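What follows is a short report on a single structure.
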Protein chains: 2
Amino acid sequence: MNIHHKLKEKGLKITPQRLVVMEAIFQLNNHPSAENIIEYVKEKFPNISVATVYKVLDIFVEKGILKKVKTDKDVMRYEGYLERHHHLFCDETHQIKDFHNKELDAIIQNYFSKYKIKDFEIKDFQLNINGVFKAS
Amino acid sequence: MNIHHKLKEKGLKITPQRLVVMEAIFQLNNHPSAENIIEYVKEKFPNISVATVYKVLDIFVEKGILKKVKTDKDVMRYEGYLERHHHLFCDETHQIKDFHNKELDAIIQNYFSKYKIKDFEIKDFQLNINGVFKAS
DNA sequence: CTATGTAAAGATAATGATTCTCTTTTAGAA
DNA sequence: TTCTAAAAGAGAATCATTATCTTTACATAG
């Protein structure tokens, strides 16, 4: 489904600003910060307002088009990939990488299907994995 | 091990301000924010500076006496419980609760002992579990 | 017990990301 | 084409956090 459809579906107007923010997210596909996105967007759209970018990001998160990823450095990051996945956090560089593993998901899922948490209904889970990236 | 020892061990001076911040963390044991901590501390110590509290929190995190808890929403939170554990995040109230489960830890640990992530050395992991708290 | 060097606290300004307010513009339905 | 609500723009405001600079006090040694 393309972005035009997605906006329509969520009852949002299609504007050039929204399209370019979405483009930025997918081009800068390593969990960009608002600042990264603003920088990218200004190249194509020098007059866009910073507030507009924040508003677009906010409404996208609200409508489930994007997700926020928070780091322990306290800068908010955004991502457009919405399937269940986990994150690798580098202790040294603070880089974030996606980690996909259906097998592990199934193991955890399966565990929670047997072991219920008292007074809590699980909707979703993600694993934060801390460590360091090594050269291969 | 008490807090006096812990500070000594890390080469930190024992000051009333540090002791009261530590007390706040353990009294407000539900992942307090800096603001929560400042409020608590000011009761006993009206003249303490906000900057001091932040500095104490920072150095405690740096020395491994406290940990930061990252959430998708709002501000940074702190916790004094350092054993491996996970967090339950309430989608509705944004409450955070600790979740301990050695069995699940072992399952995940075991998985990672067999399945290595390419170019990444795992140091630790935590599970973020999203959902809603229900009355029992 | 006292002196002393240095780490820490205090006060407050600065920062910087994000949000708010208000005005103008525009997407898209009628 | 017109119209209206939604969105964009501009810039001030906010607010958590950090930085700077001065003063205080912990803790070691004499």
Side-chain angles (χ1 to χ4, degrees), chain A residues 3-24 28 31-42 44-63 65-78 94, chain B residues 3-24 28 31-42 44-63 65-78 94:
Chain A
I3 177 63
H4 281 256
H5 273 107
K6 210 157 209 171
L7 293 176
K8 266 261 164 73
E9 184 191 61
K10 305 289 184 180
L12 297 176
K13 288 187 179 170
I14 296 161
T15 69
Q17 290 87 344
R18 284 173 176 173
L19 296 176
V20 75
V21 167
M22 213 53 203
E23 182 191 317
L28 307 166
H31 312 87
S33 63
E35 196 192 351
N36 300 145
I37 293 164
I38 289 163
E39 189 185 12
Y40 179 100
V41 159
K42 288 241 175 185
K44 313 207 157 187
F45 231 98
N47 297 322
I48 198 169
S49 169
V50 168
T52 297
V53 176
Y54 276 102
K55 277 185 284 192
V56 169
L57 290 171
D58 275 357
I59 202 160
F60 282 4
V61 170
E62 191 191 311
K63 297 291 184 180
I65 297 170
L66 293 179
K67 275 175 134 175
K68 288 183 174 183
V69 184
K70 194 166 196 173
T71 74
D72 45 10
K73 283 280 144 197
D74 204 24
V75 223
M76 201 58 80
R77 312 260 208 126
Y78 297 85
H94 302 114
Chain B
I3 178 62
H4 281 255
H5 274 106
K6 209 157 210 171
L7 293 176
K8 265 259 164 73
E9 185 192 61
K10 305 288 183 180
L12 297 176
K13 288 188 180 170
I14 295 160
T15 69
Q17 291 87 344
R18 283 173 176 174
L19 296 176
V20 75
V21 167
M22 213 54 202
E23 182 191 316
L28 308 166
H31 313 87
S33 63
E35 197 191 351
N36 299 146
I37 293 164
I38 289 163
E39 189 186 13
Y40 180 99
V41 160
K42 288 240 174 186
K44 313 207 158 188
F45 231 98
N47 297 322
I48 199 169
S49 168
V50 168
T52 297
V53 176
Y54 277 102
K55 276 185 284 194
V56 170
L57 290 171
D58 273 359
I59 203 160
F60 282 4
V61 170
E62 191 192 312
K63 297 291 183 180
I65 297 170
L66 293 179
K67 273 176 134 176
K68 289 184 173 183
V69 184
K70 43 190 159 191
T71 74
D72 288 353
K73 292 218 157 47
D74 72 37
V75 294
M76 200 55 78
R77 311 256 207 134
Y78 297 85
H94 303 117

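Computed from a predicted structure; not experimentally measured. The sequence lines fix the lettering, A, B, ..., with proteins before strands; numbering per chain opens at 1.
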Check your understanding: So, A/R77 side chain and A/H31 main chain: donor-acceptor pair closer than 3.5 Å or not?
Key -> yes
Review point. What residues form a side-chain contact (heavy atoms from CB on, under 4.5 Å) with A/Y54, not counting sequence neighbours?
Key: A/A34, A/I38, A/V50
Practice item. Determine to 10° how strongly the helix from C/dC1-D/dG30 to C/dA30-D/dT1 is bent, judged from the axes of its five-pair ends. Key: 30°
If you restrict it to nitrogen or oxygen atoms, what contacts under 3.5 Å exist between nucleotides 8-15 of chain C and the protein, and what is each distance?
| residue | atom | partner | partner atom | Å |
| --- | --- | --- | --- | --- |
| C/dA8 | OP1 | B/R18 | NH1 | 2.9 |
| C/dA8 | OP1 | B/R18 | NH2 | 3.1 |
| C/dA8 | O5' | B/R18 | NH2 | 3.1 |
| C/dA9 | OP1 | B/T15 | OG1 | 2.8 |
| C/dA9 | O3' | B/Q17 | NE2 | 2.6 |
| C/dG10 | OP1 | B/Q17 | NE2 | 3.1 |
| C/dG10 | OP2 | B/S49 | N | 3.4 |
| C/dG10 | OP2 | B/T52 | OG1 | 3.1 |
| C/dG10 | O6 | B/K55 | NZ | 3.1 |
| C/dA11 | OP2 | B/N47 | O | 3.4 |
| C/dA11 | N7 | B/S49 | OG | 3.3 |

**Study point:** Minimum heavy-atom distance between B/I37 and B/Y78, given as atom pair plus value
**Key:** CD1-CD1, 4.2 Å
Review point. Can you check the A/I37 CD1 to C/dA17 P distance for me, whole Å?
Key: 13 Å
Study note, to complete from the structure: The side-chain contact (heavy atoms from CB on, under 4.5 Å) partners of A/K63 (sequence neighbours excluded) come to A/K10, A/L12, A/I59, A/I65
Review point. Can a side chain N or O of B/Y54 be found less than 4.0 Å away from OP1 or OP2 on D/dT17?
Key: yes
Review point. For A/K10 and D/dA6, what is the distance between atoms NZ and P respectively, to the nearest whole Å?
Key: 18 Å
Study note, to complete from the structure: On a heavy-atom basis, the closest approach of A/P32 and A/L28 is CD-O, 3.0 Å
Check your understanding: Could you state the NZ-P distance from B/K63 to C/dA7, rounded to the nearest angstrom?
Key -> 11 Å
Practice item. Answer whether the closest heavy-atom distance between the side chains of B/L19 and B/L7 falls below 4.5 Å. Key: yes
Review point. Going through the checks in order, is the side-chain contact (heavy atoms from CB on, under 4.5 Å) test met by A/V21 and A/T52?
Key: CA-CA 10 Å; A/V21 167; A/T52 297; over 6 Å; no
Point to revise | Distance, rounded to the nearest Å, where B/F60 contributes CZ and D/dT17 contributes C1' | key: 18 Å
Revision key, fill the gap. B/E35 CD to D/dT14 P, in whole Å, measures 16 Å
Could you list the protein-to-nucleotides 28-30 of chain D atom pairs, N/O on both sides, closer than 3.5 Å?
none

Point to revise | Any residue meeting side-chain contact (heavy atoms from CB on, under 4.5 Å) with B/K55, in chain and number order, not counting sequence neighbours | key: B/A51
Point to revise | Separation of atom NZ in B/K68 from atom C1' in D/dT18, rounded to whole Å | key: 11 Å
Review point. Atom CG of B/L57 and atom P of D/dT17: how far apart are they, to the nearest Å?
Key: 9 Å
Review point. Mind checking whether A/L66 and A/M22 have side chains closer than 4.5 Å, heavy atoms only?
Key: yes
Practice item. Only pairs at least two apart or in different chains count here, so list each salt bridge (Lys or Arg N to Asp or Glu O under 4.0 Å) that has a residue in residues 14-23 of chain B. Key: B/E23-B/K44
Practice item. Mind calculating the distance between CG (A/D58) and P (D/dA6) to the nearest angstrom? Key: 17 Å
Practice item. For A/E35, check side-chain contact (heavy atoms from CB on, under 4.5 Å) against everything at least two apart and list the hits. Key: A/S33
